[in-house]
There are 2 protein chains.
Amino acid sequence: MTPSSTSRSPNSARGDLFDPGCPTRRLLDRIGTKWTSMAVKVLAEASPEEVRFAELQRRMTGISQKMLSATLQGLTRDGLVARRVEATVPPRVHYRLTPLGRSLEEPLAALREWAEAHMAEVDRANRRGDEASAGSSPAVPPARAGSPPRPPR
Amino acid sequence: MTPSSTSRSPNSARGDLFDPGCPTRRLLDRIGTKWTSMAVKVLAEASPEEVRFAELQRRMTGISQKMLSATLQGLTRDGLVARRVEATVPPRVHYRLTPLGRSLEEPLAALREWAEAHMAEVDRANRRGDEASAGSSPAVPPARAGSPPRPPR
DNA sequence: CTGAATCCTGGTTGATACTG
DNA sequence: CAGTATCAACCAGGATTCAG
């Protein structure tokens, strides 16, 4: 997720800006990151209740503190998540979706439905392609084959 | 990319098998890549017409041949795109969405609508955060403000 | 308990050049 | 025209450690 600055693009030795405007591209840059969409989902499920940091980590199996922190920061900066700090001695931080964040849950759910309905077929297509080149065809090495170790759920 | 799931590591790498992967995560891994969703969009707009390789590259500003090729291969392997080759002397290759691919266009369009409706607000939220720490009292000294020369590792 | 700072890795992208 | 191969760079993200 592009850390800060939607206004400028700090990288690129020479121009690599393909499209400055396309909001869809930028949205995908965000929700496409490993944990963002899961965080939104978990927070949406709890909504309107708040969820604490540790609780979030518990519900998002496999996420590290760093990534949870970074993900929540990103979402907070984007205005999708609200952060509330209890200034107690062991500080408690609560997170919840903003209305904007909840509105994102809708298209995200549509994506989830599609995934659950059709990803099996995608996998089947992949397997067909795999066995087609299974014998010996060095010409087309599979760019991403059957089961890349994708960690978390 | 760990070709097969046999990512045996003699001694160093600790456990890497975590999760079979929820379908949503895997879907996002695909459409979250830089060009995939754009390709689907462009192909969907042309549907049911076919689009040739060069034409696709023309419509997807900034994409390199390599990435276009890789993107189309991925989509084809996933069963979202169909490929047709005209065996002429200068070969012509045509691409079009499969029914499966067209079905993906739907949730993707929902995402696009959300993006166009709300990304401006996301940007506003980002700007608010930026100027909050951009003032005269940088609570967080920028480690690399405008570092032009990125020393190689 | 929350979260920031640091080091390191490999997967992803890009530019370029070559082939059929 | 439609790719592929190679080289180099970048960045997400995981582990670890430190701090309030």
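Naming convention: chains lettered A, B, ... in sequence-line order (proteins, then strands); numbering from 1 in each chain. Because the structure is predicted, anything quoted here is derived from the model rather than measured.
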[X] [atom1] to [N] [atom2]: how many Å, rounded?
X	N	atom1	atom2	value
B/Met67	C/dG11	CE	P	15 Å
B/Ile63	D/dG3	CD1	C1'	13 Å
B/Trp35	C/dG11	CH2	P	22 Å
A/Met38	D/dG13	CE	P	11 Å
B/His94	D/dC1	NE2	P	13 Å
B/Leu68	C/dG14	CG	P	11 Å
A/Gln65	D/dT16	CD	P	12 Å

Salt-bridge contact B/Arg92-B/Glu55 (side-chain N to carboxylate O under 4.0 Å) | no
Test: B/Arg25 and B/Asp29 ion pair at under 4.0 Å = yes
Verdict with reasoning, B/Leu27 to A/Leu111, per side-chain contact (heavy atoms from CB on, under 4.5 Å) | CA-CA 8 Å; B/Leu27 174 62; A/Leu111 223 55; 3.9 Å; yes
Within less than 4.0 Å of OP1 or OP2 of D/dT4, is there a side-chain N or O belonging to B/Ser69?
-> yes
Verify, without hydrogens or angle tests, whether B/Thr98 (side chain) and B/Gly79 (backbone) share a donor-acceptor contact under 3.5 angstrom.
-> yes
Heavy-atom closest contact (B/Arg102 atom, B/Leu97 atom, distance) | NH1-O, 3.3 Å
Before giving the answer on side-chain contact (heavy atoms from CB on, under 4.5 Å), spell out for A/Leu104 and A/Leu80 the whole-Å C-alpha distance, their side-chain angles and the decisive distance to 0.1 Å.
-> CA-CA 8 Å; A/Leu104 176 60; A/Leu80 300 168; 4.1 Å; yes
B/Lys34 side chain: which of C/dT13, D/dG14, D/dT4 is closest?
-> C/dT13
Minimum-distance nucleotide (side-chain atoms of B/Gln73 versus C/dT13, D/dG3, C/dG14) = D/dG3
Neighbour count above 12 (heavy atom, 6.0 Å) for A/Glu45 CD = yes
Atom CD of A/Glu106 with >12 non-hydrogen neighbours under 6.0 angstrom =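 Not buried by this count: 12 neighbours or fewer within 6.0 Å.
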For DNA chain D, determine which residues of residues 81-91 of chain B have any heavy atom closer than 4.0 angstrom to one of its atoms, and list them numerically.
-> B/Arg83, B/Pro91
So, does the side chain of B/Lys66 form a donor-acceptor pair with the base of C/dG14 at under 3.5 Å?
-> yes
Heavy-atom contacts under 4.0 Å between residues 45-60 of chain B and DNA chain C, which residues?
-> none
Using the rule that two of Ile, Leu, Val, Met, Phe, Trp, Tyr join whenever any of their side-chain heavy atoms come within less than 4.5 Å, decide whether B/Leu72 and B/Val85 are in one cluster.
-> yes
